[in-house]
Amino acid sequence: MTRSRGDEEIACDESGSDGENLLAGNTDVFAHGSVRLPTDIAADKAFFVVDPTVGLLLDDGDDGDRGLDAVTLYRAGPHAFGDDGWQTFLTAAHQLLRVRTDHGPSAPVDAFFRVVDGLRRADGRTTVSAVLDRLAAARPAAEDHRARIAAAGPPLVPLLDPLLPAVVATVHDRQNMLTPQRMAWVAESVWPAGAGRVELRLVEAGLDVRVQSADILAGSARKVASDELNGRGDARLTALLRPYIDTQSVWGDAPSWARMRGNAANTGLRVAG
């Protein structure tokens, strides 16, 4: 996709996109890259499950508290719950938020709160205890979410798909996710942020070398970021990636983020891990 603003065009592509399938997909990092090049020259997905789950269920008007709760749960959950308990929680949260389900609207709600209740019973009052208590009291918000999907169908912007928020921050080759209605949402989201009026165009990646360049950037970034997330990073490659990373990326693992971010500025590469 390309975005036009006056005489400026920015080309974008993604790597690691599995739509809402964030836990059983092929990668653990989603990356969205953008380049500003003339034609002739031419991000650990688990946190993206935790963050919108906390945002949906604990929406008390304080974004700072919700962000802190999500980070606390993401960082301390694996130790507090154990590997099996953590994966069970992630799976239940994923099914709660995901649009598509093989069962009725109440099934994902029942399953999620069974998991939360089980974790609370096993909890020895750890750092995540307060978050679990608040989640356990948030069943009405979960029921409202599933009822809205049952009544109105899939929302314009699914909670679990990281592509649209990334496009707002940058701009893509042709993608089934980017329907005309969602493209309009992207444009409306960009304008109030001070980006000025923009034109968004979907192009065929094979016919635009700038989009191919963005694809290479996103794919390389996803691989380097995934290696850092899993403790097998290469310091030289990470140093090369660092100047391209957007500081507003969704990333929950503090050690790998510290290694990747460095002195990164607001740039054209957004990752989620």
Side-chain angles (χ1 to χ4, degrees), residues 16-31 43-58 66-139 141-142 145-146 149 158-163 222-223 225-233 249-257 271-273:
S17 177
D18 291 302
E20 290 189 296
N21 189 22
L22 296 179
L23 298 182
N26 297 315
T27 66
D28 54 5
V29 172
F30 167 83
D44 125 71
K45 294 180 179 177
F47 186 67
F48 212 88
V49 174
V50 176
D51 190 46
T53 300
V54 171
L56 172 71
L57 300 182
L58 306 185
R66 293 202 306 275
L68 181 60
D69 285 339
V71 170
T72 297
L73 187 58
Y74 176 79
R75 293 179 180 174
H79 176 74
F81 305 158
D83 290 341
D84 291 343
W86 177 240
Q87 290 303 318
T88 299
F89 173 82
L90 287 177
T91 299
H94 183 250
Q95 292 303 314
L96 175 66
L97 268 60
R98 194 173 185 181
V99 171
R100 294 185 349 187
T101 178
D102 296 330
H103 306 287
S106 65
V109 178
D110 294 338
F112 177 79
F113 286 97
R114 279 198 303 271
V115 170
V116 170
D117 288 342
L119 292 172
R120 290 178 72 212
R121 287 194 298 270
D123 181 35
R125 303 316 293 174
T126 63
T127 54
V128 299
S129 298
V131 181
L132 280 177
D133 290 345
R134 295 180 64 205
L135 288 176
R139 187 181 183 105
H145 171 68
R146 297 310 310 183
I149 293 175
L159 288 173
L160 286 179
D161 199 309
L163 179 59
R222 183 195 58 75
K223 179 62 169 65
S226 179
D227 286 346
E228 281 292 352
L229 179 64
N230 290 283
R232 54 175 185 267
S249 295
V250 179
W251 198 269
D253 182 66
S256 58
W257 181 241
V271 292

Between atom [atom1] of [X] and atom [atom2] of [Y], what is the distance when rounded to the nearest 0.5 Å?
X: R75; Y: T127; atom1: CZ; atom2: OG1; value: 11.5 Å
X: L68; Y: L58; atom1: CG; atom2: CG; value: 11.5 Å
X: R125; Y: D133; atom1: CZ; atom2: CG; value: 4.5 Å
X: F81; Y: Q87; atom1: CZ; atom2: CD; value: 12.0 Å
X: D83; Y: T88; atom1: CG; atom2: OG1; value: 10.5 Å
X: D51; Y: Y74; atom1: CG; atom2: OH; value: 11.5 Å

How far apart are the closest heavy atoms of [X] and [Y], and which atoms are they?
X: S256; Y: W251; result: OG-NE1, 2.9 Å
X: L56; Y: L97; result: CD2-CD1, 4.0 Å
X: R146; Y: L96; result: NH1-O, 2.8 Å
X: L57; Y: A138; result: O-CB, 3.3 Å
X: A111; Y: A92; result: O-CB, 4.4 Å
X: V49; Y: A93; result: CG1-CB, 4.0 Å

Inset, instruction - Check for a donor-acceptor pair, side chain of N230 on one end and backbone N or O of S226 on the other, with a separation under 3.5 Å. - result: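 Yes, the answer is positive, given that a donor and an acceptor are paired below the 3.5 Å cut-off.
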
Legend entry - Pairwise side-chain contact, L90 with V50, heavy-atom cut-off 4.5 Å (strictly under):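 Heavy-atom side-chain distance check passes, below 4.5 Å.
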
Legend entry - V71 side chain reached by F47 side chain, heavy atoms, under 4.5 Å: yes

Legend entry - side-chain contact (heavy atoms from CB on, under 4.5 Å) assessment of F89 paired with V128: CA-CA 13 Å; F89 173 82; V128 299; over 6 Å; no

Legend entry - Test side-chain contact (heavy atoms from CB on, under 4.5 Å) applied to T53 and L73, step by step: CA-CA 11 Å; T53 300; L73 187 58; over 6 Å; no

Inset, instruction - Look at R121 together with D117 and state whether they make a salt bridge at an N to O cut-off of under 4.0 Å. - result: no

